[in-house]
Amino acid sequence: MKKPKISVIGAGYVGLCTAVGFASKGYNVVACDVDEEKIAKINKGVPPFHEPGLQEKLSESIQKGNLKGVVGQTDQVIQETDLTFIAVGTPSKSDGSIDLKYIESAVINIGKALSQKDAYHVTIIKSTVVPGTTQNIVKSKLEKESKKKCGTDFGLCINPEFLRQGSAFEDTLNADRVVIGSYDKRSGDTLERLYKAFYSFHMPLIIRTTLSTAELIKYASNAMLATKISFINTIANICEKIPGADVKVVAKAMGLDKRIGPLFLDAGLGYGGSCFPKDIKALIVCSKSLGYDPELLDSVEAVNKTQPLKAVDFCKEQLGCLEGKKIAILGLAFKPDTDDMREARVIPIINQLLKEGAHVVAYDPVAMPIAKTIFLSKIQFATSALRCIKDADGCIVVTEWDEFKKLTPEDFTKNMRHPILIDGRRIYNPEIFGTKLQFTALGLGKK
Ligand SMILES: NC(=O)c1ccc[n+]([C@@H]2O[C@H](COP(=O)([O-])OP(=O)(O)OC[C@H]3O[C@@H](n4cnc5c(N)ncnc54)[C@H](O)[C@@H]3O)[C@@H](O)[C@H]2O)c1
């Protein structure tokens with residue numbers, strides 16, 4: 001059977017991984033973005049962001065002619081393809097509610113293009129949108145601009161994305177479930193057929209449901225993961241008050257309970273990134289607007305807000321006043337294997353250190369070019385982990401890159417002025433590090 005042609009609007013982490021995923025399996029894909037620089041890189045086979053495994057498949061897809069990037073040109077893109085995924089950003093407004101301006105603009109362009117197209121076309125929302133968006137905003141705008149009827153003249157689905165940055169491309173090829181919310185049966189069947197052909201024998205479980213249930217599944221999933229993080233951080237904070245207690249052992253034993261599971265029970269400096277913070281906020285605002293106050297989620301957020309500042313408190317406990325002290329920061333990205341710094345926990349940490357008068361030197365294997373645009377000349381950047389900790393009065397590990405896990409107690413004692421190490425991600429063994437240097441780790445009860 002002939003493979004349908006696919007377009008993706010928004011070539012960021014989700015859009016580009018989706019586009020390359022389909023292109024790598026022989027589909028003809030057009031990736032469309034408003035960012036000319038991004039598209040120029042894509043057409044040269046160079047990913048505009050750091051994502052393991054993407055480079056090779058992107059350049060292969062471009063060389064084979066399965067993928068092309070375009071700026072704008074929505075009319076032509078819709079004419080040329082059969083299905084369009086929308087993967088534009090859905091950031092927060094200042095009150096925490098979802099900002100749908102990129103969705104609206106993409107949908108208006110698609111609607112106008114649909115008015116010129118006779119053949120059946122399915123639009124699929126992959127961006128994370130609050131319940132009601134696809135039905136009330138996307139469908140209405142598509143119908144208004146195209147002067148056509150959803151469900152008969154064109155199709156509409158919501159297909160939330162669950163990939164994780166750092167393994168985004170791998171996750172695209174090996175999803176653990178596919179959620180399809182459809183306006184009508186034909187739209188859902190068309191998308192299900194596409195995924196069945198795409199995954200072939202490795203087809204994950206498909207959940208077919210309504211538009212609003214699919215929208216809520218994405219928020220509920222992120223809220224659950226964020227809750228697990230704030231929960232274990234709460235237990236970590238309790239452990240710190242109990243001599244001899246260690247949250248890492250508590251989490252390991254808890255995780256063996258099948259009802260709980262071991263994942264997302266790593267105590268640390270809290271969650272960041274482009275999704276959890278904005279999605280929790282959007283769900284809270286959405287829920288309140290519907291007349292229900294989700295107090296649990298308010299607490300999840302509150303724990304996450306104070307958690308990164310504990311690293312600074314630990315620093316002050318060890319060093320006293322931070323004025324003029326040199327503090328080394330290992331890790332800037334919001335998590336390992338990405339250069340994304342959106343809502344990274346390091347941002348409030350560094351801002352607080354600077355407020356206290358500290359001199360900050362930072363190192364990250366891939367996120368420094370982006371960090372430089374955020375901190376400008378307010379902090380210094382080192383070219384390696386060892387250069388970063390050289391002559392430092394204290395060091396905070398903020399991102400659990402593998403590279404930092406290899407550092408030994410001697411690396412710290414030999415290079416730092418004062419070997420004070422704060423392990424914000426629990427990557428070092430306290431039994432070893434605790435005897436060789438002044439070592440503080442989150443969730444460790446004082447001896
Ligand atoms: N990043 C993740 O890990 C992840 C995971 C699951 C879901 N999501 C959701 O997917 C969506 C996209 O996230 P992302 O991280 O890929 O965002 P991103 O910021 O990396 O990419 C969005 C892209 O859309 C482009 N864009 C904006 N308006 C456009 C328009 N009108 N036409 C064409 N392109 C346009 C931007 O230039 C940008 O390149 C969000 O709703 C996010 O919540 C993200």
Side-chain angles (χ1 to χ4, degrees), residues 7-21 30-42 47-52 54 69-78 84-92 98-113 123-130 133-134 138 141 145 158-172 175-179 214-215 217-223 225-226 271-283 333-344 370:
S7 44
V8 181
I9 310 289
Y13 289 87
V14 169
L16 188 58
C17 288
T18 304
V20 177
V30 186
C32 177
D33 205 288
V34 287
D35 186 333
E36 288 181 22
E37 216 176 299
K38 212 172 241 186
I39 291 299
K41 278 189 172 173
I42 291 170
F49 45 80
H50 176 84
E51 195 52 60
L54 188 60
V70 298
V71 181
Q73 302 178 27
T74 316
D75 283 345
Q76 200 183 327
V77 166
I78 299 297
T84 301
F85 288 95
I86 300 184
V88 299
T90 46
S92 299
I98 189 168
D99 188 342
L100 291 168
K101 64 175 182 247
Y102 301 120
I103 290 277
E104 287 178 6
S105 140
V107 167
I108 288 171
N109 289 337
I110 294 172
K112 284 184 179 147
T123 300
I124 304 130
I125 306 292
K126 227 179 204 316
S127 303
T128 304
V129 292
V130 290
T133 306
T134 311
V138 177
K141 288 206 184 304
E145 299 298 334
I158 163 102
N159 169 222
E161 178 56 61
F162 299 98
L163 62 74
R164 301 159 297 171
Q165 280 176 237
S167 55
F169 186 62
E170 177 66 22
D171 291 347
T172 303
D176 46 17
R177 81 282 213 195
V178 171
V179 175
E215 289 164 333
I217 287 169
K218 175 64 189 172
Y219 281 96
S221 302
N222 277 359
L225 295 172
Y271 58 78
S274 66
C275 292
F276 289 2
K278 78 166 174 68
D279 290 348
I280 307 310
K281 281 189 181 72
L283 183 57
F334 88 92
K335 68 190 266 196
D337 289 320
T338 184
D339 56 356
D340 197 345
M341 285 203 56
R342 288 178 284 185
E343 298 278 347
I370 291 176

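What you see is a predicted model; the values in this text were computed from it and never measured. Index from 1, following the sequence. Counting starts at 1 for both ligands and their atoms, following the listed order.
- Between atom CG of residue Asp340 and atom CD of residue Gln165 there is a gap of 4.5 Å, rounded to the nearest 0.5 Å.
- For the atom pair Cys275 SG and Glu343 CD, the distance stands at 11.0 Å (nearest 0.5 Å).
- For Ser274, every heavy-atom contact with ligand 1 shorter than 4.0 Å involves the side chain, none the backbone.
- Of all the heavy atoms of Ala168, none lies under 4.0 Å from any atom of ligand 1, so neither backbone nor side chain is involved.
- Atom 37 (O) of ligand 1 has its nearest heavy-atom neighbour, among Asp35, Asp33, Thr18, in Asp33.
- The side chain to side chain contact (heavy atoms under 4.5 Å, CB included) test with Ile103 is passed by exactly one of Ile86, Thr134, Ile98: Ile86.
- Nearest approach of Ala106 to Val88, heavy atoms of both residues: CB-CG1, 4.4 Å.
- Residue Ala87 has at least one heavy-atom neighbour below 4.0 Å for each of these atoms of ligand 1: 12 (C), 22 (C).
- Of the protein's non-hydrogen atoms, Val34 CG1, 3.7 Å is the one closest to atom 30 (C) of ligand 1.
- When only interatomic distances are considered, the shortest N/O to N/O separation between Asp279 and ligand 1 does not fall below 3.5 Å.
- Among all non-hydrogen protein atoms, the one lying nearest atom 33 (C) of ligand 1 is Ile9 CG2, 3.4 Å.
- For ligand 1, the polar-atom distance check finds no N/O of Lys218 at less than 3.5 Å from any of the ligand's N/O atoms.
- Atom CD1 of Ile78 is separated from atom CD1 of Ile9 by 5.5 Å, given to the nearest 0.5 angstrom.
- For atom 21 (O) of ligand 1, the closest non-hydrogen atom on the protein side is Gly12 CA, 3.2 Å.
- By the 3.5 Å distance cut-off applied to N or O atoms, Asn109 is not counted among the residues near ligand 1.
- Atoms of ligand 1 lying under 4.0 Å from any heavy atom of Lys38, numbered from 1 in the order shown and given with element: 38 (C), 39 (O).
- Contacts with ligand 1 closer than 4.0 Å are made by backbone heavy atoms (N, CA, C, O) of Cys32 only, the side chain lying farther away.
- Proximity of a side-chain donor or acceptor of Glu51 to a complementary backbone N or O of Ser167 within less than 3.5 Å is detected.
- Contact annotation: the side chain of Leu54 approaches that of Phe49 to within less than 4.5 Å [non-hydrogen atoms, C-beta and beyond].
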| message | Run the side chain to side chain contact (heavy atoms under 4.5 Å, CB included) test on Phe162 and Ile217 for me, step by step, so that the C-alpha distance in whole Å, both residues' side-chain angles and the decisive distance to 0.1 Å come before the verdict. | response | CA-CA 10 Å; Phe162 299 98; Ile217 287 169; 3.9 Å; yes
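- In terms of protein heavy-atom proximity, atom 31 (N) of ligand 1 is closest to Ser105 OG, 3.2 Å.
- In terms of protein heavy-atom proximity, atom 26 (N) of ligand 1 is closest to Val88 CG1, 3.7 Å.
- For the pair Ile39 and Cys32, the tightest heavy-atom approach, listed with the atom from each and the gap, is CD1-C, 4.4 Å.
- The closest protein non-hydrogen atom to atom 3 (O) of ligand 1 is Gln165 OE1, 3.2 Å.
- The backbone and the side chain of Leu163 each have at least one atom closer than 4.0 Å to an atom of ligand 1 (non-hydrogen atoms only).
- When the heavy-atom distances from atom 28 (N) of ligand 1 to Tyr102, Phe162, Tyr13 are ranked, the shortest goes to Tyr102.
- Residue Lys126 has no nitrogen or oxygen atom sitting less than 3.5 Å from a nitrogen or oxygen atom of ligand 1, judged on distance alone.
- Between Glu215 and Ile125, the closest side-chain pair of non-hydrogen atoms is not below 4.5 Å.
- The number of heavy atoms from other shown groups lying within 6.0 Å of OH (Tyr102) does not exceed 12.
- With ligand atoms numbered from 1 in the order given, ligand 1 contributes 23 (C), 24 (O), 25 (C), 33 (C), 34 (N) to contacts under 4.0 Å with heavy atoms of Gly10.
- Considering only non-hydrogen protein atoms, atom 41 (O) of ligand 1 sits nearest to Thr90 OG1, 2.5 Å.
- Nearest protein heavy-atom neighbour of atom 22 (C) of ligand 1: Gly89 N, 3.6 Å.
- Residues Lys278 and Arg342 have side chains not in contact (no heavy-atom distance under 4.5 Å, counting atoms from C-beta outward).
- At least one heavy atom of Arg342 sits closer than 4.0 Å to an atom of ligand 1.
- Side-chain contact between Ser127 and Val14 is absent, with no heavy atoms from C-beta onward closer than 4.5 Å.
- Ligand 1 has no N or O atom lying under 3.5 Å from any N or O atom of Arg164, backbone or side chain.
- Checking only distances, Lys278 does come within under 3.5 Å of ligand 1, N or O to N or O.
- Nearest heavy atom pair, residue Tyr271 against residue Ala226, reads CE2-CB, 3.6 Å.
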